[in-house]
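Within every chain, numbering begins at 1; the chains are lettered A, B, ... in the order of the sequence lines, protein sequences first and strands thereafter.
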Amino acid sequence: MAELVSLREAVAELVRDGDVVALEGFTHLIPYAAGHEIVRQHRRDLTLVRMTPDVLYDQMIGAGTARRLVFSWGGNPGVGSLHRFRDAVEHGWPGPLELEEHSHAGMATRYVAAASGLPFGVLRGYAGTDLSAHTANVAPVRCPFTGEQLTAVAALRLDVAVVHAQQVDRAGNVGLWGISGVQKEAVLAARSSIVTVEERVDALDPRCRVVLPSWVVSAVAVEPGGAHPSYAHGYSSRDNAFYTAWDTISRDRTSFSGWLRRHVLDTGGFAEHLRLLAEETHRAGAA
Amino acid sequence: MAELVSLREAVAELVRDGDVVALEGFTHLIPYAAGHEIVRQHRRDLTLVRMTPDVLYDQMIGAGTARRLVFSWGGNPGVGSLHRFRDAVEHGWPGPLELEEHSHAGMATRYVAAASGLPFGVLRGYAGTDLSAHTANVAPVRCPFTGEQLTAVAALRLDVAVVHAQQVDRAGNVGLWGISGVQKEAVLAARSSIVTVEERVDALDPRCRVVLPSWVVSAVAVEPGGAHPSYAHGYSSRDNAFYTAWDTISRDRTSFSGWLRRHVLDTGGFAEHLRLLAEETHRAGAA
Amino acid sequence: MTATAPAGVPGSIVDPALPVPTADEVMTVAAARELRDGAVCFVGIGLPSLAANLARRTHAPRLVLIYESGTIGAKPDRPPLSIGDGELAETADAVVSVPEIFAYWLQAGRIDVGFLSAAQIDRFGNINTTVIGDYGTPRVRLPGAGGAPEIASSAGEVVVVLRQTRRAFVDRLDFVTSVGHLRGQGSRAALGLTGRGPTVVITDLGVLRPDPDSQELVLCAVHPGVDPAEAVARTGWPLAVAPRLGVTSPPAVAELAVLRALSTRGAAA
Amino acid sequence: MTATAPAGVPGSIVDPALPVPTADEVMTVAAARELRDGAVCFVGIGLPSLAANLARRTHAPRLVLIYESGTIGAKPDRPPLSIGDGELAETADAVVSVPEIFAYWLQAGRIDVGFLSAAQIDRFGNINTTVIGDYGTPRVRLPGAGGAPEIASSAGEVVVVLRQTRRAFVDRLDFVTSVGHLRGQGSRAALGLTGRGPTVVITDLGVLRPDPDSQELVLCAVHPGVDPAEAVARTGWPLAVAPRLGVTSPPAVAELAVLRALSTRGAAA
């Protein structure tokens with residue numbers, strides 16, 4: 001049963017050093033507030049999982065939370081490289097980062113298998129590529145009816161899934177709409193789950209395409225704007241300017257470290273970070 | 001691209017004798033109008049596919065359209081047996097009916113595999129039951145990662161899928177909401193598809209949980225009430241009294257044949273059948 | 001645990017204004033009592049649905065009802081005639097596709113209790129809902145498997161509800177549609193099924209539970225006024241009777257009143 | 001078929017009010033022309049998205065755009081910065097989950113054209129978007145596979161768009177992320193992939209297509225004013241040049257006007 005708690009309590013209770021954790025979101029609804037809280041609480045040695053690690057994972061990797069990354073596409077969409085991710089992989093800063101990488105279709109199939117309680121899933125994929133040479137979680141499988149060879153991928157089970165959604169109702173049911181990614185599968189693939197939401201409502205908006213019943217969610221925290229610079233359909237727009245600005249902030253270790261201290265480590269919570277950002281934008285506009 | 005045609009044209013053009021045809025619907029949105037049209041056009045030797053063959057398939061089996069039935073549960077929900085189905089299986093009337101039966105989970109997995117372009121799907125199922133002894137479409141498969149034995153089921157590909165939905169928009173996109181069953185999977189598992197809808201609208205209702213883009217549907221026919229005695233959420237309620245009355249109508253070959261002639265074979269279309277039904281109900285009420 | 005009136009329900013005093021409970025009512029009430037509050041219950045139509053809705057309106061208000069039509073957390077005002085009635089979708093917390101309900105919810109082990117009925121049951125709680133007689137030339141063609149095989153294999157535990165007769169409680173099933181404890185002696189576990197299988201069979205005569213070692217069903221309790229000899233006589237195998245046979249608490253006034261209100265609403269639908 | 005201006009677009013006369021097209025613009029226009037009206041197109045972000053949206057606003061108004069975020073039939077007013085911009089969901093005919101877009105739509109063979117870019121490409125149209133250098137100790141870590149491997153294997157055909165340089169057009173990929181024609185000579189077909197693979201590679205210099213027998217890429221056309229020797233020089237293998245080398249039609253006024261309007265709107269986002 002979903003407990004309504006502060007994000008600080010949720011992370012303190014549910015995320016442990018060394019856990020396999022996915023903060024999912026496909027451009028939309030990326031749980032930035034929760035990711036910052038994990039950094040603020042100095043979690044270490046996490047295996048971070050996500051189809052599309054973007055700026056949030058760049059921040060978390062740069063902050064040293066991750067020992068390992070399981071993913072399919074790591075970049076700053078429409079902007080370019082993730083500099084902290086590259087620095088970790090290419091130069092081991094702030095520490096080495098093990099990689100396990102797949103295709104999007106492979107990752108999606110792995111989440112679906114885990115959400116379905118199966119040890120593996122089947123797809124047409126990987127054949128002829130170098131991807132399968134670097135992971136033990138891809139193997140051939142033969143169709144018992146046609147003899148055709150297909151590809152099996154191992155179920156991707158998580159310790160903790162973290163997602164952001166638009167709403168939670170009084171009974172603790174979580175609802176989201178717009179681009180829904182693999183959030184449902186991630187939550188159902190995890191032993192426990194944390195959901196941040198824009199707001200608490202009496203009844204979920206009828207547009208909700210995905211509803212997570214209260215009893216499959218471990219903790220819900222209300223964090224308005226908790227997906228910034230990603231967005232929550234119906235509540236906010238993607239802050240494309242921040243994604244572009246990140247390219248400069250993150251290019252250099254010193255500049256990144258300063259930003260991380262100011263915006264994450266030295267803040268009391270995500271709301272303070274959002275206030276700081278607004279002030280900086282205002283100052284930049286005035287300058 | 002979905003063509004807007006009459007149901008008569010759609011069936012005449014797309015359903016051939018001997019085809020593998022699914023008229024899907026899970027209590028909700030059962031395409032009765034289309035099923036009656038198939039009977040009216042005297043299609044023969046069909047392999048009828050459906051998870052929950054109910055009164056519509058009882059009518060089609062009694063009318064002699066089917067050579068074979070692939071299914072997982074055949075009954076009159078909440079009422080009892082399907083007498084025409086039983087008569088065909090137990091006594092070969094009006095002709096023998098081959099059966100291939102599965103569990104619901106097996107059928108759903110078979111549809112999903114076909115919709116996904118895979119030759120098979122995997123589930124935890126069938127183990128220890130007598131079901132797999134009677135079909136070639138169930139086989140063991142081993143997880144290449146854990147060694148665990150699971151069950152493979154063959155993809156369920158269709159020649160034609162027939163479903164009923166609430167709406168089609170001006171561009172030919174089909175939308176439905178409420179209990180959505182396996183209708184999407186059936187349409188995506190088929191070479192061609194016929195959709196009947198309650199009405200044509202300028203823009204689909206935002207409640208639509210399933211949208212079939214125009215280009216995956218072969219033909220759309222507007223048939224208001226075309227799911228009766230099943231229902232269309234937001235348009236009609238389930239006619240439970242008809243389901244109960246069917247038990248009497250169908251119990252006896254003569255009574256059934258009279259009903260079929262009066263309500264299907266001698267009518268020009270489903271609207272006429274609905275008018276007849278309303279008259280009969282009115283007379284019964286007056287008597 | 002035998003089926004007793006849950007704490008807080010006022011005893012066994014039947015309201016004189018209510019008629020004496022029928023055997024079916026006693027069975028339904030006993031089945032409802034098996035459902036603990038907050039449990040997630042996968043419900044078939046008919047008696048299971050009636051019992052689950054009774055539980056939700058008495059001792060288990062937070063019971064989560066899941067129907068195979070994809071409705072999660074349905075709160076019907078009256079027991080639905082079919083598993084896909086509109087009211088289930090309207091009152092549900094979530095409505096998902098049929099493939100999803102079986103894969104993400106049942107198969108993944110998210111169901112605490114599966115509620116099944118049967119045409120035939122054997123001493124190990126295996127179930128037949130397919131045919132009476134030979135498969136190729138059946139005397140009676142039954143509806144078939146539906147969701148039962150995977151409910152039986154994947155639900156945390158299974159509650160079976162059916163009337164006790166020699167035609168239903170048979171020495172040998174004509175067809176194994178859904179697996180209970182297979183051939184007993186741990187053979188179910190060896191099959192790799194994820195759920196624990198039938199933990200109780202509720203009939204109109206009493207309550208049967210599998211023996212912990214052999215997994216053979218044992219008559220553990222009879223309903224008030226039932227002679228255990230009748231249960232033995234209505235069973236197609238030599239039914240084991242627990243040395244300390246219990247008696248179930250009769251339906252409480254509140255239980256019976258709710259059940260009858262539900263039945264009336266269902267019949268009026 | 002070489003890339004020529006579609007019928008109905010008024011010739012190659014460049015409007016003097018518009019600046020001369022850049023090499024990237026010529027490339028984007030040539031890529032857009034590869035998309036026939038009504039085709040179902042799986043679009044990556046960046047140049048592919050820009051070209052697909054250009055096609056939809058010129059000769060292919062009924063082009064169906066699918067983004068891997070699950071938006072089917074998106075009709076963005078401006079090219080999205082990311083594949084998950086809100087406008088894609090708002091203007092789409094349907095929004096589905098990410099597992100569904102890959103299983104039911106791409107893998108099932110419902111995509112006519114997949115549109116890809118690359119960091120490295122070899123003579124058989126195989127693609128690297130993973131690393132430059134050794135996998136374990138890369139010189140440059142690239143974003144990785146994303147949706148590309150299955151777009152490359154399952155789309156009916158694949159259009160690749162990238163600038164032609166010796167760093168990109170390499171003799172040997174550092175990593176095979178997505179399969180084109182593998183080692184040529186029918187080796188792709190032997191792998192059992194359902195799509196036909198890359199049918200064209202559009203660069204800022206010209207148009208390459210696989211030889212029907214060997215599947216090695218052949219320079220079939222150059223853009224106006226491009227010396228084929230430059231294309232050869234900017235290719236890391238001995239590039240075959242078609243005996244009857246074509247010249248693409250320069251961007252038409254209408255094409256260029258629409259492209260620039262799109263680019264401006266995209267940049268302003």
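- A:V89 and D:P138 make their closest contact through CG1-CG, 3.9 Å (heavy atoms, listed as atom of the first residue, atom of the second, distance).
- Two residues are said to be in side-chain contact when any heavy atoms from C-beta on lie closer than 4.5 Å; D:E68 and A:W73 fail this criterion.
- With a threshold of 4.5 angstrom between heavy atoms, D:R188 does not approach chain A through any atom at all.
- When heavy atoms are compared at a cutoff of 4.5 Å, D:S187 does not approach chain A at all.
- Between the A:E90 side chain and the D:R141 main chain, a donor and an acceptor come within less than 3.5 Å of each other.
- Contact tally against chain A (heavy-atom pairs below 4.5 Å) for D:L193, D:V140, D:L182: the top residue is D:V140.
- Proximity to chain D among residues 137-152 of chain A is not found for any residue, judged by heavy-atom separations below 4.5 angstrom.
- Of all residues spanning residues 99-110 of chain A, those with a heavy atom less than 4.5 Å away from chain D's heavy atoms are A:L99, A:E101, A:H102, A:S103, A:H104, A:A105, A:A108, arranged by number.
- The greatest number of non-hydrogen atom pairs below 4.5 Å with chain A, out of D:A103, D:A92, D:G144, is found for D:G144.
- Looking at D:E90, both its backbone and its side chain come within 4.5 Å of chain A, counting heavy atoms on both sides.
- A heavy-atom distance below 4.5 Å is found between the side chains of D:V179 and A:T129.
- Residues A:G178 and D:V95 come closest through the heavy atom pair O-CG1, 3.8 Å.
- Rounding to the nearest 0.5 Å places CZ of A:R86 at 7.5 Å from CG of D:L142.
- Enclosure of atom CZ in D:R163 is not indicated, since only 12 or fewer non-hydrogen atoms of other residues, nucleotides or ligands lie within 6.0 angstrom.
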